[in-house]
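Heads up, the thing below is written out as structure tokens.
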2 protein chains.
Amino acid sequence: MGILRSSFCALLATVSCGAAIAQTADPLPSWNKGEARQRITAFVDTVTRKAGKDYVAPEARIAVFDNDGTLWSEQPMYVQMAFMLDRVKTLAPQHPEWKDKQPYKAVLERDLKALSEQGEKGIAELMAATHSGMSSDEFNRIATDWIGKARHPQYNRPYTETIYQPMRELLDYLRANGFKTYIVSGGGVDFMRPWTEKVYGIPPEQVVGSMGKLEFTMVEGKPVLLRLPQIDHVDDGPGKPVGIQKFIGRKPIAAFGNSDGDLQMLQYVAAAPGPRLAVIVHHTDAEREVAYDRKSSIGRLDKALDEAKAGKWVVIDMKEDWKKVFPFQ
Amino acid sequence: MGILRSSFCALLATVSCGAAIAQTADPLPSWNKGEARQRITAFVDTVTRKAGKDYVAPEARIAVFDNDGTLWSEQPMYVQMAFMLDRVKTLAPQHPEWKDKQPYKAVLERDLKALSEQGEKGIAELMAATHSGMSSDEFNRIATDWIGKARHPQYNRPYTETIYQPMRELLDYLRANGFKTYIVSGGGVDFMRPWTEKVYGIPPEQVVGSMGKLEFTMVEGKPVLLRLPQIDHVDDGPGKPVGIQKFIGRKPIAAFGNSDGDLQMLQYVAAAPGPRLAVIVHHTDAEREVAYDRKSSIGRLDKALDEAKAGKWVVIDMKEDWKKVFPFQ
């Protein structure tokens with residue numbers, strides 16, 4: 001539109017040009033016009049209406065999103081788990097002893113039953129072996145390289161394409177309405193940061209996640225941040241509101257999750273005074289994705305589903321509310 | 001200017017209207033035209049020149065600032081120390097036993113010698129007694145209330161006015177050039193967040209600092225974040241680059257400090273490839289503020305001053321480089 005667009009925007013002193021243009025098209029084309037969409041857009045209208053009593057200034061329009069199962073698929077296993085298993089295989093030649101030592105043996109023999117018998121302690125050992133002992137820069141390169149090459153076992157596409165198209169539209173829509181969008185995930189922060197800006201439009205500094213301890217040290221006269229095997233912050237369950245306060249330092253007005261790991265974050269956001277939006281993505285679509293909730297070992301949604309009903313949170317029914325699930329469908 | 005301004009801005013598609021207007025006046029009126037100013041503006045010109053080989057995209061233009069002694073006065077004592085001492089006095093009626101118990105006795109009797117004899121352990125006990133045991137919301141109210149009423153003992157003005165006017169101009173100037181400005185301070189993050197947006201234009205989520213552990217809990221059915229007495233992160237010395245990686249997740253291209261507590265942050269930023277700016281505020285002005293460096297117990301600048309010379313960092317000579325120190329002068 002060139003000059004025409006510029007002139008048009010110049011007349012609208014109070015809105016940004018991008019937002020003004022965006023409003024001419026449906027900002028949520030992958031959403032059916034059901035209750036979930038209606039309640040989300042009504043909330044956004046409410047907090048952005050300047051004359052309204054529930055107006056929220058742009059700097060306080062903070063929205064937090066869980067990642068696994070909320071923005072991208074967490075089935076058949078967390079993507080970071082796939083990364084970890086691949087890393088064990090990649091590193092195995094440097095560790096000949098792993099062939100006969102659990103939990104590594106189970107991974108190398110693709111023996112998922114034996115692996116699950118190792119329990120959380122086994123996973124913690126694998127995490128330490130694959131996620132620590134290198135510099136932050138080096139881990140960043142490893143994660144960037146892996147996410148660029150690995151493919152989802154079922155869809156045979158890069159994991160960065162197994163994201164939920166309606167949620168990506170929602171992120172854009174919220175940002176066009178002055179929201180600052182954050183990820184608040186149980187996943188490792190440094191596993192996500194290399195690609196969230198490109199995939200979701202969320203920059204590294206707006207990603208909150210689990211993390212290990214870091215140590216500043218000098219290596220050959222150069223400052224280096226070394227990744228230690230000790231856990232620093234577990235950003236899951238009660239760790240999510242803690243992470244929000246530590247890393248963001250003010251209360252979001254909207255929160256999106258999909259499992260009991262998001263319960264406390266949703267409670268924390270919903271309970272604050274003023275207009276608040278708490279949303280659950282309910283995996284109801286066995287055809288286009290996977291249907292799971294109360295009985296699932298990954299992304300169990302049980303208590304949070306009860307609370308959603310009691311607290312009148314928005315529950316997105318993926319099958320009913322979304323025209324498509326993945327961008328490639 | 002109204003319509004005229006809007007039309008003018010509409011013709012400039014690539015810059016924001018605010019930035020275009022700002023460029024007509026000197027953005028750094030409190031700075032003398034010496035080497036420090038020249039090197040800082042040359043750096044900004046270099047990283048924002050789109051055709052240049054050292055161009056840095058706006059999203060990577062991250063600048064980090066120490067607070068105490070870099071953005072506001074840290075003499076005759078850290079402002080948070082004054083807050084802590086005031087809190088002990090305020091809370092004393094609820095703790096009659098403090099009258100006879102160190103380190104509280106020393107505070108209540110204004111016996112700074114006895115207080116210093118209590119050492120770091122004494123300070124840690126006072127910190128725990130005044131900074132923990134309440135919710136995040138409650139501490140936020142306490143800090144907000146105090147900063148609104150307390151006054152600097154020497155200048156008899158609110159502490160939020162004992163900030164360095166040239167640094168505030170620098171923050172504005174960097175933001176007008178697409179930088180995202182962060183505080184990375186040894187001070188308590190929740191002590192700073194209530195006022196940094198108003199005073200420096202830096203929102204709470206762009207403040208990195210020291211912090212205690214938090215616990216999510218339910219009180220009368222409401223989610224609450226409880227402040228625990230244990231330390232979670234010490235954002236000083238080697239803790240500063242660690243804090244940058246944890247809370248920002250990418251390397252700043254510019255760092256500003258004033259003491260040896262900023263040494264590792266300055267090293268970390270200066271050592272990265274590409275154009276980098278490392279700056280030290282040197283307190284040389286005994287008349288308008290306080291002159292101190294290598295021998296000072298508060299804000300000692302010794303090793304970092306040596307490194308600044310060796311690494312050709314920018315050293316701001318407050319007496320020579322600044323037309324004024326405080327806004328009220």
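Keep in mind it's a predicted model, so treat the numbers as computed, not measured. Throughout, a chain's letter reflects where its sequence line sits, starting with A, and its residues are numbered from 1. Atoms considered below: every heavy atom in the structure, side chains included; atoms not considered: hydrogens, waters and symmetry mates.
In this structure, the side chains of A/H233 and A/S210 stay at 4.5 Å or more apart for every pair of heavy atoms. Considering only heavy atoms from C-beta on, B/F139 stays 4.5 Å or farther from B/T144 through its side chain.
The candidate with the highest count of non-hydrogen atom pairs below 4.5 Å against chain B, out of A/P241, A/G237, A/G221, A/A271, is A/P241. Between chain B and the residues A/D232, A/V207, A/V208, the most heavy-atom pairs under 4.5 angstrom are made by A/D232. Most heavy-atom pairs under 4.5 Å with chain B: of the set A/D137, A/V224, A/T217, A/I62, this distinction falls to A/D137. Of all the listed residues (A/K213, A/Q267, A/Q245, A/E215), the one sharing the greatest number of non-hydrogen pairs under 4.5 Å with chain B is A/Q245. In terms of heavy-atom pairs under 4.5 Å with chain B, the best-connected choice from A/Q264, A/K180, A/K246 is A/K246.
Here A/Y159 and A/W146 bring their ring centres to under 6.0 angstrom of each other. Centroid-to-centroid, the aromatic rings of A/F191 and A/F83 come within less than 6.0 Å.
Taking OG from B/S136 and CD1 from A/I244, the interatomic distance works out to 11.5 Å, rounded to the nearest 0.5 Å. A distance of 5.0 Å separates CG in B/L71 from CG in B/N67, rounded to the nearest 0.5 Å. Taking CG from B/L266 and CG from B/D66, the interatomic distance works out to 9.0 Å, rounded to the nearest 0.5 Å.
Of the two parts of A/K251, only the side chain, counted from C-beta on, holds a non-hydrogen atom closer than 4.5 Å to a non-hydrogen atom of chain B. Contacts of A/N140 with chain B are absent, with no heavy-atom separation under 4.5 Å from either backbone or side chain. Interface residue A/L225: only side-chain heavy atoms are found under 4.5 Å from chain B. Interface remark: A/V189 contributes no atoms to any contact with chain B (heavy atom separation under 4.5 Å). Neither the backbone nor the side chain of B/K240 comes within contact range of chain A, judged by heavy atoms closer than 4.5 Å.
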- [ ] May I have the step-by-step check of side-chain contact (heavy atoms from CB on, under 4.5 Å) for B/Y55 and B/V47, ending in yes or no?
- [x] CA-CA 4 Å; B/Y55 175 74; B/V47 298; over 6 Å; no

TODO: Apply side chain to side chain donor-acceptor pair (under 3.5 Å) to B/T181 and B/R175, showing your working.
DONE: CA-CA 7 Å; B/T181 52; B/R175 289 190 291 256; 2.9 Å; yes

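For residues 193-204 of chain B, the interface with chain A (any heavy-atom pair closer than 4.5 Å) comprises B/R193, B/E197, B/P203, B/P204, sorted by residue number.
A donor-acceptor pair under 3.5 Å is absent between the side-chain atoms of A/N258 and the main chain of A/I280, judged by distance alone. Between the side chain of B/D145 and the backbone N or O of B/I142 there is no donor-acceptor pair closer than 3.5 Å.
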